[in-house]
Amino acid sequence: MGKLRIKIAAWDYDRVRPIIDGRVPVEGCEVDFLVLPPEQCFHRAYLQKEFEVSEIGFSPYLIAYSRGVHPYIALPVFLSRMFRHSAVYVRTDRGIRRPEDLKGKRVGIVEYQMSAVMWPRGMFADDHGVKPADILWRQGGLDVPGRKDKFPLNLPPGFPLEPVPEGRTLSAMIADGSLDAVITPRPPGCYRDGRTPVARLYEDYETAEREYYRRTGIFPIMHALGVRVDVHERHPWLAGALTRAFTEAKRIATADLFEQDALKVSLPWIASHAQQTRALMGEDFWPYGVEANRRTLEVMTRYSYEQGLAVRRLGVDEIFAEAS
């Protein structure tokens, strides 16, 4: 029997590159790898079901799974993770010094449903008593107008979420003072322009994120790897083959961080940074698998339901494909 031909779409992460360049094969498969920015992956995977295997946004996946409309089934292979303290930008002329000061403020977001916004909302609620309904949410594109959520929202009547005016962007609105803050993975254009009073809420975000991890043990998940449902049903062995391959690719990428004979990563103290991360977060500081991530996954599924995203509280063990 010949090998299964599959198309994999994901971004060019170091932990994926050994599969892209062929150093790590996917057992039983001929792989056509497409390197695409995450938003392109998500759009083409969810709307066109174009790829057998794709990087998927994990918060939208939970929403889709809870509604029974998920075209992909996730593997516990978490291609993108990031603490999101760095994503909160505030006007410095509005008296915002801590999360509690965001109550009653107008906060811009690109998508209410995206993982990079869900995590700060959950952190504000759990750690600072700021519930999602305490903030006046304004949704729109960061630099290009018109961005919208991928799925219908499940918010209570009267929830304070509105689109920004037609033709406006979040970057322009925080610059001119129409917004008090924005939560966005990419900085607004006015950040550090030397003129606009905009700063990060956590300007020393690394210190804040390290403290958050010490206290909670949570390393937020952004994206996972998904197998198209029809492909998984026909080839259930593929989940295990992919998990093994991506785990080996991650092992190679992690080893490269500690290479000191000749630096493989273009940062002079990369090995020192990696060792500090290992001292804080453990030997496998970017873990795959359900058990190693159960605490983070339980919090994420709770946030999804509490914030009006998933229509039911999902169990961690139900949302992943079984890997043989």
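Note that the coordinates shown come from a computational prediction; the quantities given were computed from them, not determined experimentally.
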Kindly determine whether Y213 and F285 satisfy ring pair (Phe, Tyr, Trp, His ring centres under 6.0 Å), including the steps that lead there.
CA-CA 11 Å; Y213 183 83; F285 48 81; over 10 Å; no
same_hphob_cluster([X], [Y]) at 4.5 Å side-chain heavy-atom cutoff:
{"X": "F58", "Y": "V311", "value": "no"}
{"X": "I174", "Y": "Y191", "value": "yes"}
{"X": "V290", "Y": "V299", "value": "yes"}
{"X": "W119", "Y": "Y305", "value": "no"}
{"X": "L314", "Y": "V69", "value": "yes"}

Are there over 12 heavy-atom neighbours, none belonging to [X], within less than 6.0 Å of that residue's [atom1]?
{"X": "E27", "atom1": "CD", "result": "no"}
{"X": "R186", "atom1": "CZ", "result": "no"}
{"X": "R5", "atom1": "CZ", "result": "no"}

Nearest heavy-atom neighbours spanning [X] and [Y]:
{"X": "G217", "Y": "T296", "value": "O-OG1, 4.2 Å"}
{"X": "V90", "Y": "A181", "value": "CG1-CB, 3.9 Å"}
{"X": "V88", "Y": "P120", "value": "CG2-CB, 4.5 Å"}
{"X": "L155", "Y": "Q307", "value": "CD2-O, 3.3 Å"}
{"X": "P71", "Y": "A45", "value": "CG-O, 4.5 Å"}
{"X": "V110", "Y": "Q139", "value": "O-CG, 3.4 Å"}

Should [X] and [Y] count as an ion pair when the cut-off is N to O under 4.0 Å?
{"X": "E206", "Y": "R210", "answer": "yes"}
{"X": "R44", "Y": "E50", "answer": "yes"}
{"X": "R168", "Y": "D176", "answer": "yes"}
{"X": "E318", "Y": "R312", "answer": "yes"}
{"X": "E298", "Y": "R295", "answer": "no"}
{"X": "D101", "Y": "R94", "answer": "no"}
{"X": "R192", "Y": "E203", "answer": "yes"}
{"X": "D127", "Y": "R215", "answer": "yes"}
{"X": "E248", "Y": "R251", "answer": "yes"}
{"X": "D256", "Y": "R17", "answer": "no"}

Using side-chain heavy atoms (C-beta onward) and a distance below 4.5 Å, is [X] in contact with [Y]?
{"X": "S59", "Y": "E111", "result": "no"}
{"X": "T254", "Y": "R278", "result": "yes"}
{"X": "T184", "Y": "Y89", "result": "yes"}
{"X": "S80", "Y": "Y13", "result": "yes"}
{"X": "F33", "Y": "V26", "result": "no"}
{"X": "S304", "Y": "M300", "result": "no"}
{"X": "I96", "Y": "L201", "result": "yes"}
{"X": "S86", "Y": "Y202", "result": "no"}

Walk me through it: do F78 and W286 pass the test ring pair (Phe, Tyr, Trp, His ring centres under 6.0 Å)?
CA-CA 8 Å; F78 304 114; W286 196 294; 9.7 Å; no
Quick one: do T169 and D143 satisfy side-chain hydrogen bond (donor to acceptor under 3.5 Å, both in side chains)? Show the steps, please.
CA-CA 6 Å; T169 65; D143 297 308; 5.6 Å; no
Is R84 close enough and on-axis enough to Y212, meaning under 6.0 Å and within 45°, for cation-pi?
no
Option from K103, R106, K105 for which salt bridge (Lys or Arg N to Asp or Glu O under 4.0 Å) with D180 holds:
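Answer after filtering K103, R106, K105: R106.
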Rounded to the nearest 0.5 Å, what separates atom [atom1] in [X] from atom [atom2] in [Y]?
{"X": "I8", "Y": "L242", "atom1": "CD1", "atom2": "CG", "result": "5.5 Å"}
{"X": "T196", "Y": "D93", "atom1": "OG1", "atom2": "CG", "result": "10.0 Å"}
{"X": "S266", "Y": "L263", "atom1": "OG", "atom2": "CG", "result": "8.0 Å"}
{"X": "R91", "Y": "S178", "atom1": "CZ", "atom2": "OG", "result": "9.0 Å"}
{"X": "R228", "Y": "R234", "atom1": "CZ", "atom2": "CZ", "result": "6.5 Å"}
{"X": "R244", "Y": "Y288", "atom1": "CZ", "atom2": "OH", "result": "15.5 Å"}

Hey, do the aromatic rings of Y112 and F159 have their centres closer than 6.0 Å?
yes
When Y61, F42, Y72 are each screened for ring-ring contact (aromatic ring centres under 6.0 Å, His included) with H223, the one that passes is F42
Does the pair R294 and E291 meet the rule for a salt bridge (charged side-chain N to carboxylate O under 4.0 Å, His left out), with working shown?
CA-CA 5 Å; R294 185 171 290 278; E291 288 309 316; 2.5 Å; yes
Using side-chain contact (heavy atoms from CB on, under 4.5 Å), reason through R302 and D126 one step at a time and then give a plain yes or no.
CA-CA 11 Å; R302 173 169 65 86; D126 282 356; 2.8 Å; yes
Could you tell me whether the side chain of E259 and the main chain of D261 form a donor-acceptor pair under 3.5 Å?
yes
Carefully, step by step, assess V231 and L238 under the rule side-chain contact (heavy atoms from CB on, under 4.5 Å).
CA-CA 9 Å; V231 175; L238 180 59; 3.8 Å; yes
If you apply the rule side-chain contact (heavy atoms from CB on, under 4.5 Å), what do you find for W11 with V35, and how did you get there?
CA-CA 5 Å; W11 192 222; V35 175; 4.1 Å; yes
Just do the side-chain contact (heavy atoms from CB on, under 4.5 Å) check on T243 and F320 with the steps written out, would you?
CA-CA 12 Å; T243 299; F320 295 105; over 6 Å; no
